[in-house]
Amino acid sequence: MGMERRKVTFKLYPTSSQLKRLDGWVRLHAELYNAALQERIEAYRKAGISISYYDQQNTLPAIKAFRPDLVELGSHALQETLRRLDRAFQAFFRRVKAGQSPGFPRFKSSSRFSGFTYPDPAGWKLLQQGARGGTLRLGSGKGAMMIRLRGRHRFAEFTPNDLTLLRRRNPATGEDQWHASITLRVPETACARQRTSEDQVGIDFGLAHWANFDDGSQTDNPRWLREALPRLADLQRQRARKKPGSHRYRQLSQQIARLHQRIADRRRDFIHQQTSALVQRCALIATEALAPQNMSRSARGTVEAPGRRVRQKAGLNREVLSVGFGMAHQMLTYKAQEAGSVLHLAHTRQLKPSQRCSGCWAMVPKALKERWHLCPHCGCSLPRDQNSARVVLLDAWTPQDTPGTGVAARLKPLPAQAGKPRSKTRETPTTTASAV
Ligand SMILES: [Zn+2]
C-alpha cells in the first residue's frame, strides 16, 4: 500500500519546569552546533583541512562521554544538529560554486536557536488522548518529559516519521511558544476525505478577493490580513527613513519580521480551511496553473530585501498575497486527491482566461486595470474575474489530450448556470499530489 507523508503541528503546553528543561536542551544543541562550526573553521585555518559531517558524527560518542548532560538529548537528535550545520555548509559551497558571494555559516546564539529535530521515531512518542488533547513524550525512562499538547490530527492510521521542536517568541507577550511539528507516514487510504457534494467550480484566485468563482460569488481575503497589510507597509516606510544598523532600524526590522510571521501563520490556517471546504463540496475544481515564479516566491524575500522590492503598497500586497496562491494550489492538489475530486489546472498562456470570452470563446483583449468583461461579439457582460473563472471551468469540461491546447479553434457554448452538467466524476485526479 502506498504511503503519503503528512506534516501535522501541535502547540505544546510545557509546565514551567519543562520549559526550563526544553530551553536547556536548545542551549545544548546550539552549543554543539557552534562547537562543530568552530572546529570546521579552525581545521581549515590551521591545516587547510575540511571536516565532513561524518568526521563530526564520529566524535559524538567521545563528546558524550566527556559531557554526560548531552546524553538525554538522544544521539539521533544530536546527529541531526550536526547535519543542520552540514547543510548550511553545503548551501554555502553551492552558492560559491555558482559564482555568488554568500555569507559564511554563522555562529548562532542559543537564545535565537530555533529548536531541534528527532530525525526518526526514536526518543519520542505522540500519545493522543480523547478528541482534543494529547501528550508528547520526550526521552525515555524516569527522565522522560510528558508535555501536554492541544489538537488532534485526522489520521486513524499512521506511522510517526520525525519530530521537530520549534521555539518561537510570541510577539504580543514576549513569551516563548513551543510547537511540535511531526511528519507522519499515512497509508493512502487513511488520507481519504469525505466529499459531501458534487459541485463543479471554476476559480480565479486574485488579490482584491482571495477567490472569485464562476457563479459570481467571492471569498474575501480575511479581515485581519486586509488590516495587517497597511500596517506592514507603514512599518516598512518608517524603516526606509532610518539609518541601516541604527537601534531604531533594528527595532523596526524586528517588528516587521514578527508581523510577517504572524501573517504567514494565519494565512496558512486560512488557506487550509478554505481548501478543505472546497474539496469537500466540489467534485471538480478548475483554476489556472501557476507560473513557477509565483510558486516559489516566499514572504521571507520581503523581509530580507524590503526597501527595494516592496516600495509600493500595491507591490507589497501582491508580494504577500501571491505567496498564498502557490500554497492554495499545493493544498488543493493533495486534498483533491484525498477527496477523489478532480483538480483541473488550465494552461494559462494558451488559454488566456482573462482575455477570453466565456460566452463565445473569442479573444477580448483588455488591460489589467479593466475590471469588467464586455464582449463586442456576443454581448457577454461580466466582472473580469468571474469571466476568467468561467473560462477555466469550461476548459475543464472540454475533453482534451493536453490541457489548454487548441482551445482557440474550439467554439464553446455558454451553458445556463442552472443547467451545469452534473457529469461523471473522474475518480483519478489529473495531477499527482505532492507530499507535504
Ligand atoms: Zn463573447
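Counting from 1, the numbers follow the sequence of the chain as shown. Atoms within a ligand are numbered from 1 in the order they appear, just like the ligands themselves. Quick caveat: nothing in here was measured; it's all calculated off a predicted structure.
Rounded to 10 degrees, the SG-metal-SG angle spanning C357 and C375 at the Zn ion (ligand 1) equals 110°.
The closest side-chain donor-acceptor pair between Q200 and W397 falls under 3.5 angstrom. Side chains of T9 and H179: a donor-acceptor N/O pair is absent below 3.5 angstrom, by distance only.
Looking only at distances, a side-chain donor or acceptor of D120 sits under 3.5 Å from a matching main-chain atom of A122.
Contact annotation: C378 places an N, O or S atom under 2.8 Å from the Zn ion (ligand 1). The Zn ion (ligand 1) has an N, O or S atom of C360 closer than 2.8 Å.
Using a 4.0 Å cut-off between charged side-chain N and carboxylate O, R349 and E288 make no salt bridge.
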